[in-house]
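So the structure is just underneath, and the comments pick up after that.
For the single chain, residues carry numbers from 1 onward in sequence order.
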Amino acid sequence: MNLRKLILTENACYKAGKKITPKGIMVHSTGANNPYLRRYIGPDDGLLGINQYNNHWNQEKPDGRQVCVHAFIGKLADGSIATYQTLPWNHRGWHAGGTANDTHISFEICEDDLSDAKYFRKVFSEAVELCVYLCKLYNLTEKDIICHSEGYKKGIASNHADVMHWFPRHGESMDTFRAAVKAGLLEKPKPETPTGDDKKYYRVQVGAFSSKANAETMLKKLKAAGFDGFIRYN
């Protein structure tokens, strides 16, 4: 996951300052053919690129609406994929149009024209990794993840189709998404291989000698065998 942060401090949602105890995650997609993060996040941090229309969401009411989510997933200016955190995770977002605002962390996946399989795979994987991260952070499971359309069916969100108008086009669903998150949660972290100054050393004391000459002889034998050591006088 390529996680970065640019909090939308000028958005009225952020200024409202309300907090939540996250009990779930809601997956959204933007509903517009523009995969670039700069459409929604600004100002340019050197990676996003410049939004020439200045219609990003880091303003009081973007497009005259009261909207704000906790993160966006999409393209940087160079075409690579990133996740940008745009609200503190425990901040009450304006994303669901219902009571899920009080309980769910939200993120938007930037849509393209919905036909690019390569782009879809990249953002799908990024979204899975974000959910794994958030589940670990707030002690959630894959069962606590829904999309906007599922939220509507549960009566906790407004009537939107996302993301089920997109995922099935590429052979995915929220069930397969949750399964991927579950697999990520079960995956054991790979142990890091120490290098350089990070290496750990375990010291072994060979013995004690009443004769300095005997001690020096043993030290020479150890060094000849590839062991490092020194003589300590008590």
Side-chain angles (χ1 to χ4, degrees), residues 1-8 10-11 13 25-87 93-98 100 104-131 145-153 157-177 180:
M1 178 175 59
N2 183 13
L3 179 60
R4 301 179 180 277
K5 183 185 291 188
L6 198 162
I7 302 299
L8 304 179
E10 296 302 315
N11 193 291
C13 176
I25 302 168
M26 182 170 282
V27 184
H28 300 266
S29 60
T30 54
N33 182 6
N34 191 338
Y36 286 93
L37 289 163
R38 62 174 174 258
R39 164 61 182 88
Y40 304 97
I41 308 169
D44 178 23
D45 62 354
L47 297 173
L48 291 164
I50 297 173
N51 181 332
Q52 61 179 323
Y53 303 107
N54 199 36
N55 59 350
H56 54 69
W57 285 19
N58 199 7
Q59 48 191 308
E60 186 84 7
K61 293 182 180 180
D63 302 317
R65 299 183 297 153
Q66 291 182 316
V67 290
C68 202
V69 292
H70 296 85
F72 284 89
I73 295 173
K75 288 185 179 182
L76 294 170
D78 66 2
S80 63
I81 303 301
T83 300
Y84 268 71
Q85 181 184 356
T86 48
L87 284 176
W94 294 347
H95 61 93
H104 283 62
I105 297 171
S106 58
F107 66 90
E108 294 269 7
I109 306 173
C110 296
E111 294 182 16
D112 59 354
D113 65 0
L114 309 184
S115 66
D116 187 337
K118 187 175 180 180
Y119 174 72
F120 174 81
R121 284 295 151 201
K122 288 180 179 180
V123 293
F124 185 89
S125 177
E126 187 80 4
V128 168
E129 291 183 26
L130 174 60
C131 285
I145 303 170
I146 59 175
C147 70
H148 197 149
S149 62
E150 289 177 321
Y152 171 69
K153 292 177 182 178
S158 57
N159 187 6
H160 279 238
D162 52 327
V163 292
M164 291 308 296
H165 69 299
W166 187 11
F167 280 21
R169 290 174 179 241
H170 300 280
E172 302 290 354
S173 67
M174 280 306 296
D175 287 335
T176 62
F177 182 84

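Counting only N and O atoms by type, the side chains of Ser173 and Asp175 include no donor and acceptor under 3.5 Å apart. Neither side chain, His148 nor Ser29, offers a donor N or O lying under 3.5 Å from an acceptor on the other.
In terms of heavy atoms, Asp112 sits closest to Ser115 at OD1-N, 4.1 Å. Residue His95 comes nearest to Ala100 through the heavy atom pair NE2-O, 3.9 Å, listed as atom of the first residue, atom of the second, then distance. Heavy atoms only, all atoms of each residue included: Leu37 and Ala82 are closest at CD1-O, 3.8 Å. Glu126 and Thr83 make their closest contact through OE2-OG1, 2.8 Å (heavy atoms, listed as atom of the first residue, atom of the second, distance). Residues Trp57 and Pro62 come closest through the heavy atom pair CD1-CB, 3.5 Å. Of all heavy-atom pairs between Asp44 and Gly49, the closest is OD1-N, 2.9 Å.
Only one option out of Tyr84, Phe107, Phe72 pairs with Tyr40 in a ring-ring contact (aromatic ring centres under 6.0 Å, His included); it is Phe72.
Within a 6.0 Å sphere centred on CG of Leu3, heavy atoms belonging to other residues, nucleotides or ligands number more than 12.
With a 4.5 Å cut-off on side-chain heavy atoms, Lys75 and Cys110 do not count as touching. Using a 4.5 Å heavy-atom cutoff, the side chains of Val123 and Tyr119 are in contact. In this structure the side chain of Lys61 reaches within 4.5 angstrom of the side chain of Gln66, judged on heavy atoms. Side chains of Asn58 and Leu6 form a contact here, defined as non-hydrogen atoms less than 4.5 Å apart. At a threshold of 4.5 Å between non-hydrogen side-chain atoms, the residues Met174 and Ile146 do not count as touching. Using a 4.5 Å cut-off on side-chain heavy atoms (C-beta onward), Arg38 and Tyr53 make no contact. Between Asn2 and Ile81, every side-chain heavy-atom pair lies at or beyond the 4.5 Å cut-off. Residues His56 and Ile41 form no side-chain contact, since every pair of their non-hydrogen atoms from C-beta on lies 4.5 Å or further apart.
One distance of note links CE of Met164 with CD of Glu150; it measures 7.0 Å at 0.5 Å rounding. In this structure, Cys147 SG and His28 NE2 are separated by 9.0 Å, a value rounded to the nearest 0.5 Å. With rounding to the nearest 0.5 Å, the separation of CD in Glu60 from CG in Asn11 is 7.5 Å. Interatomic distance, SG of Cys68 versus CD of Glu10, reported as 11.5 Å (0.5 Å rounding). To the nearest 0.5 Å, the span separating CD1 on Ile145 from CD1 on Ile25 amounts to 4.5 Å.
In terms of modelled atom types and a separation under 3.5 Å, the side chain of Asp162 and the main chain of Thr30 share no donor-acceptor contact. Between the side chain of Thr86 and the main chain of His70, a donor-acceptor pair closer than 3.5 Å is present. No donor-acceptor pair closer than 3.5 Å links the side chain of Gln85 to the backbone N or O of Ala71. Judged by distance alone, with hydrogens and angles left aside, the side-chain atoms of Ser106 form no donor-acceptor pair with the main-chain N or O of Val27 at under 3.5 Å.
Classification of the Phe124-Phe177 ring pair by plane angle, with boundaries at 30° and 60°, yields perpendicular. Taking the six-membered ring for Trp and thresholds of 30 and 60 degrees, Phe120 and Phe167 have ring planes more than 60 degrees apart, a perpendicular arrangement.
With salt bridges taken as basic N to acidic carboxylate O contacts below 4.0 Å, one links Arg39 and Asp63.
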